[in-house]
Amino acid sequence: MEEKNVDCDVLVIGTGASGMAAAVTAASQGLKVLVVEKEPRFGGTTARSGGWLWIPGTRLATEQGIQERHGAARSYLQHEATTHFDAARVDAFLDNGPKAIEFFTRDTCVQFDMPPVFPDYHAEAPGGTQGGRSMVARPFDGRQLGERIKHLAPPLPELTVFGMMLGSGKEIWHFMRVFRSVESFTYVAKRLSRHFLDVLRHGRGMTLTNGNALAGRFAKAAMDLNIPVWLNAPVTRLVVDGDRVTGALLSHEGKPTCITARLGVVLACGGFPHDVERRKALFPHAPTGTEHFTPSPAGNTGDGLKMAETVGACVDPTIPNAAAWVPTSVTVRPDGSSGVMPHFIDRAKPGVIAVTRHGKRFTNEANSYHDFVQALVAETKGDKEIFSWEICDHATLRQYGMGCVAPFPLPIGRHLRTGYLKRGNTVEDLARQIGVEPAALKATIDGFNQHARNGDDPAFGRGSKAYNRYQGDAQNLPNPCVRAIEAGPFYAIKMVIGDIGTFAGLAVDEHTRVLNASRQPIKGLHAVGNDAASVMGGNYPGAGITLGPALTFGYVAGMALANAAATAASSDIGRKAA
């Protein structure tokens, strides 16, 4: 079959936030950009994410009256990254993050909202704060995408209600209080009515929120700049001329196509959450690579890393955590397929605890998902299977829900029938259902209840940290995260280890240039998002530490390529003048 040839200034591989940020930035500077995506829909992991970004020192924070203490964010990241603190990249992130937000919010439709309070995950650590660093994509009207809305990847089904992804913060609060407040009931009724009307008219909801809103906004920004986005266009290899990456070979519309990128190629392929071999090598809890359950898109198979390695790049295997860990549960969807549910906030609700197969608690369940998994791995070291059980009583389940099980009035029968949700009339009965020694689980819950009735948790300090309290229930006094587990029936959901993105990526410099084994830049090759090693050093400091750097370094890559074009143009002018 005859090969097509296409020329551009910049080739971006991947349509998540990092790739689209690079594309929009470069195109805004006058460069000819082409974006390609292997999947039939655009948006990548971003489209099914929470849509939060962690970027200190932005105008959005100052508008909330929040002023960053000079050096605080850097101190915090140095504390978090420990042995993998990369000063040059951290400084580039902190310097360019506010510039990126200013550019996108001023010159494009990519907009954000920032709550005045959203604590860092370790707010009590040096440089940590109670708010001003985490922001979320502003809801977006999907109708602005026209026909392209059909090609936007949907949100993760497990994080939707009737196919509708709830906006973070206030919207979730209203849904949880729907039958406890007239205001909340009215809000929910209007939101659901609008959603169902959209589904009848357009086949899907048009009020995009969270990560779907961010992906939609980037798509509209690309449309406004006339950036072509090719779907179903998997890249097979990079093209090299001498010591420089000059483009890539891919398949487009069923034809082999050679893309020549005059200035460079940007890898934004989403990391390697579905690369079983690399998981086997880098995930200690997954010795065969299969003991891991990720809600990331199936197309994220490490293509960017593999292609870069063929031209001399390397992945750092020493990063303390190779991924952003999250406890997950595996559910059965109505169509019979399996789904993976990330447990972000239910663990912090009062009346919920987690135990090992021995029936014992092992950590503060209200801590961040990344911290929770690390504690689970440490506690179950040597076990053949690493998992825990999330446990609550009937009142808690119907008030807050748990995992995929929605609060009242939505039914729970399907989850009981599939075995996703286990139930016992007594604690001992539940223990037998889940294979835990009844006496051990009874002792754990009795010991927890003894102090929980007074709002205390001396064993692990639930509610003692700002992030705990933020994710709890402020109306549950005296402790937003603690309530006794007393009235049966009792319920349990099995939680296993998953991720919301990989951290172990390609070694890059502060300009996003991919480095070889000698730490020298590979000419013409950039990596952003989860294809680049995490600037957080394998830790998880706050909400949005994947998308914040993704957008920022996408902007950095776009500006670096634009500067390279300007330098080349100046050199050409100089040569002609000479």
Looking at side-chain heavy atoms only, is the closest gap between Val266 and Ser18 below 4.5 Å?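 They are not in contact (no side-chain heavy atoms under 4.5 Å apart), so the answer is no.
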What side-chain donor-acceptor pairs closer than 3.5 Å can you find for residues 95-105, not counting sequence neighbours?
unit_1 : atom_1 : unit_2 : atom_2 : d
Asp95  : OD2    : Lys99  : NZ     : 3.1
Asn96  : ND2    : Ala92  : O      : 2.9
Glu102 : OE1    : Arg59  : NE     : 2.8
Thr105 : OG1    : Arg59  : NH2    : 2.9
Thr105 : OG1    : Ile101 : O      : 2.6
Thr105 : OG1    : Glu102 : O      : 3.4

Of all residues at least two apart in sequence or in a different chain, which pass the ring-ring contact (aromatic ring centres under 6.0 Å, His included) check with [X]?
X: Tyr420; answer: His415
X: Phe118; answer: Trp52, Tyr470
X: Phe344; answer: Tyr369
X: Phe140; answer: none

When rounded to the nearest 0.5 angstrom, what is the spacing between [atom1] in [X] and [atom2] in [Y]?
X: Ser296; Y: Leu156; atom1: OG; atom2: CG; result: 9.0 Å
X: Thr46; Y: Met20; atom1: OG1; atom2: CE; result: 10.0 Å
X: Lys32; Y: Cys8; atom1: NZ; atom2: SG; result: 7.0 Å
X: Phe387; Y: Thr328; atom1: CZ; atom2: OG1; result: 13.0 Å
X: Phe372; Y: Glu365; atom1: CZ; atom2: CD; result: 6.5 Å

Which salt bridge (charged side-chain N to carboxylate O under 4.0 Å, His left out) pairs, counting each pair once, include a residue from [range], with sequence neighbours left out?
range: residues 536-546; result: none
range: residues 210-219; result: none
range: residues 35-49; result: Lys38-Asp303
range: residues 539-552; result: none

What do you reckon, is CZ of Arg106 surrounded by more than 12 foreign heavy atoms closer than 6.0 Å?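 Atom CZ in Arg106 is packed in, count exceeds 12.
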Arg89 charged N/C atom sitting above Phe553 aromatic ring, 6.0 Å / 45°: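 Verdict for Phe553: a cation-pi partner in Arg89.
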Using only atom types and a distance under 3.5 Å, with no angle test, would you say the side chain of [X] pairs donor to acceptor with the backbone of [Y]?
X: Asp531; Y: Cys269; value: yes
X: Arg138; Y: Asn210; value: no
X: Thr15; Y: Gly43; value: yes
X: Asn212; Y: Ala47; value: yes
X: Arg279; Y: Glu291; value: no

So that I know where these two stand, are Phe283 and Trp325 an aromatic pair - ring centroids less than 6.0 Å apart?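 Yes, they do, as the ring centres are separated by less than 6.0 Å.
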If you measure only the distance, is there a donor-acceptor pair under 3.5 Å linking the side chains of Ser28 and Asp107?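 The answer is no; no qualifying pair exists.
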For a quick test of your reading: what N or O donor-acceptor pairs under 3.5 Å do the side chains of residues 141-148 make, sequence neighbours left out?
unit_1 : atom_1 : unit_2 : atom_2 : d
Asp141 : OD1    : Arg143 : N      : 3.0
Asp141 : OD1    : Arg143 : NE     : 3.0
Asp141 : OD2    : Arg143 : NE     : 3.2
Asp141 : OD2    : Arg143 : NH2    : 2.9
Glu147 : OE1    : Lys150 : NZ     : 2.8

Go through the steps to decide whether Asn367 and Asn468 satisfy the test side-chain contact (heavy atoms from CB on, under 4.5 Å), and finish with yes or no. CA-CA 6 Å; Asn367 284 348; Asn468 293 177; 3.2 Å; yes
Could you pull out all residues at least two apart from Glu68 that satisfy salt bridge (charged side-chain N to carboxylate O under 4.0 Å, His left out)?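 Glu68 satisfies salt bridge (charged side-chain N to carboxylate O under 4.0 Å, His left out) with Arg133 once adjacent residues are dropped.
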Leu77/Leu94 under side-chain contact (heavy atoms from CB on, under 4.5 Å): CA gap, chis, key distance, verdict: CA-CA 10 Å; Leu77 292 184; Leu94 295 176; 4.2 Å; yes
Derivation of the side-chain contact (heavy atoms from CB on, under 4.5 Å) call for Leu282 and Phe272: CA-CA 11 Å; Leu282 297 177; Phe272 66 94; 3.8 Å; yes
Return each pair, listed once, that meets side chain to side chain donor-acceptor pair (under 3.5 Å) where at least one residue sits in residues 221-235; pairs must be two or more places apart or across chains.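 Output for this query lists Lys220-Asp224.
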Please report the C-alpha distance between Met206 and Val199 in whole Å, then the side-chain angles of each, then the deciding distance to 0.1 Å, and finally whether the side-chain contact (heavy atoms from CB on, under 4.5 Å) criterion is met. CA-CA 8 Å; Met206 287 291 155; Val199 171; over 6 Å; no
